[in-house]
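These notes are about the structure you will find just below.
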Amino acid sequence: LKPVIEKTGYECVDVTFEKVGPDWILTAYIDKPGGITIQDCEIINNVLSPYLDETDPIEQSYILEVSSPGIDRPFKSLDDYKKNIDSKIEVNLFKKFNKDKHFEGILKKVDDDGIVLQTDKGEIAFEFDEIAKASPYIEI
């Protein structure tokens, strides 16, 4: 679905296919600068629906949904990290580092191997294989 979505100028952030109750749901998560509106979701739904009908990649019946990933969506790609340089983020690790698995700070650097986070205790570098989840910091 990614190439079909991206031909329209939107970013395909993620695609999931999961059973919810008795139904299978195929969800395409899209994004664009400035955020996603219901009209954007409708545009992509109108592009994907005929494409899926024509190519018929899924044998069973399912419901197609198109959604915004939300402001707190986890980072899925190197570009997601790069877009958030100089922004406050949250990082959860697989294993404890200095007796903690959760860190908040300003994302200062991103490269192919990992990130550098400016915390209140100084700069800390994390490799991507240490990070269980990273996402924008949302103040409540």
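- Side-chain contact between D86 and K108 is present, with heavy atoms from C-beta onward closer than 4.5 Å.
- Within a 6.0 Å sphere centred on CD1 of I71, heavy atoms belonging to other residues, nucleotides or ligands number 12 at most.
- Annotation: side chain of Y137 is not in contact with side chain of L107 (no heavy-atom distance under 4.5 Å).
- Taking CD of E6 as the start and CG of L1 as the end, the distance is 11.0 Å to the nearest 0.5 Å.
- Put simply, CD1 on I124 and OG1 on T119 are 4.0 Å apart, with the number rounded to the nearest 0.5 Å.
- In this structure, NZ in K83 is found 12.5 Å from CD1 in I85, a value given to the nearest 0.5 Å.
- Cluster annotation: I115 and I106 are assigned to distinct hydrophobic clusters (Ile/Leu/Val/Met/Phe/Trp/Tyr, side-chain heavy-atom contacts under 4.5 Å, transitive).
- Counting only heavy atoms from C-beta outward, the side chains of Y29 and I36 never approach each other to under 4.5 Å.
- When every heavy atom of A28 is checked against every heavy atom of L48, the shortest pair comes out as CB-CD1, 3.9 Å.
- Transitive grouping of hydrophobic side chains (ILVMFWY, heavy atoms separated by less than 4.5 Å) brings F75 and I131 into a common cluster.
- When side chains are defined from C-beta on, I89 does not count as touching F103, because their heavy atoms never get closer than 4.5 Å.
- Within 6.0 Å of CD on Q60 lie more than 12 heavy atoms contributed by other residues, nucleotides or ligands.
- For the pair S68 (side chain) and G70 (backbone), a donor-acceptor distance under 3.5 Å is present.
- Between the side chain of D111 and the main chain of D113, a donor-acceptor pair closer than 3.5 Å is present.
- Nearest heavy-atom pair, Y10 versus I30, reported as atom, atom and distance to 0.1 Å: CD2-CD1, 4.2 Å.
- In this structure, L64 and L52 have side chains that are in contact, with non-hydrogen atoms separated by less than 4.5 Å.
- A salt bridge is defined here as a Lys NZ or Arg NE, NH1 or NH2 lying under 4.0 Å from an Asp or Glu carboxylate O, and D80 with R73 meets this definition.
- Panel note: side chain N46, backbone I43; no donor-acceptor pair is recorded below 3.5 Å.
- Between P74 and S135 the shortest heavy-atom distance is CA-CB, 3.9 Å.
- Atoms NZ and CD, from K88 and E139 in turn, are 6.5 Å apart once rounded to the nearest 0.5 Å.
- Counted within 6.0 Å of NZ on K32, heavy atoms from surrounding residues, nucleotides or ligands total more than 12; the atom is thus considered enclosed.
- Under the 4.5 Å side-chain heavy-atom criterion for Ile, Leu, Val, Met, Phe, Trp and Tyr, I25 and Y62 are members of distinct hydrophobic clusters.
- The side-chain heavy atoms of N92 and K101, taken from C-beta on, include no pair separated by under 4.5 Å.
- The aromatic rings of W24 and F17 sit parallel to each other, their planes meeting at less than 30°, with 60° as the upper class boundary.
- Counting non-hydrogen atoms of neighbouring residues, nucleotides and ligands closer than 6.0 angstrom, the CD1 atom of I38 reaches no more than 12 such neighbours.
- Separation of atoms CG (L93) and CG (D129) is listed at 10.5 Å; rounding is to 0.5 Å.
- Side-chain atoms of V66 and I5, non-hydrogen and from C-beta on, never get closer than 4.5 Å to each other.
- Within 6.0 Å of NZ in K19 there are more than 12 heavy atoms belonging to other residues, nucleotides or ligands.
- Counting only heavy atoms from C-beta outward, the side chains of F97 and V91 never approach each other to under 4.5 Å.
- Counted within 6.0 Å of CD on E42, heavy atoms from surrounding residues, nucleotides or ligands total 12 or fewer; the atom is thus considered open.
- Heavy atoms only, all atoms of each residue included: E104 and H102 are closest at OE2-NE2, 3.2 Å.
- Note that OG of S67 is 10.5 Å distant from CG of D31, once rounded to the nearest 0.5 Å.
- In terms of hydrophobic clustering, with Ile, Leu, Val, Met, Phe, Trp and Tyr side chains grouped at heavy-atom distances under 4.5 Å, L78 and V13 are assigned to different clusters.
- The heavy-atom pair separating T16 from D14 by the smallest distance is CG2-OD2, 4.0 Å.
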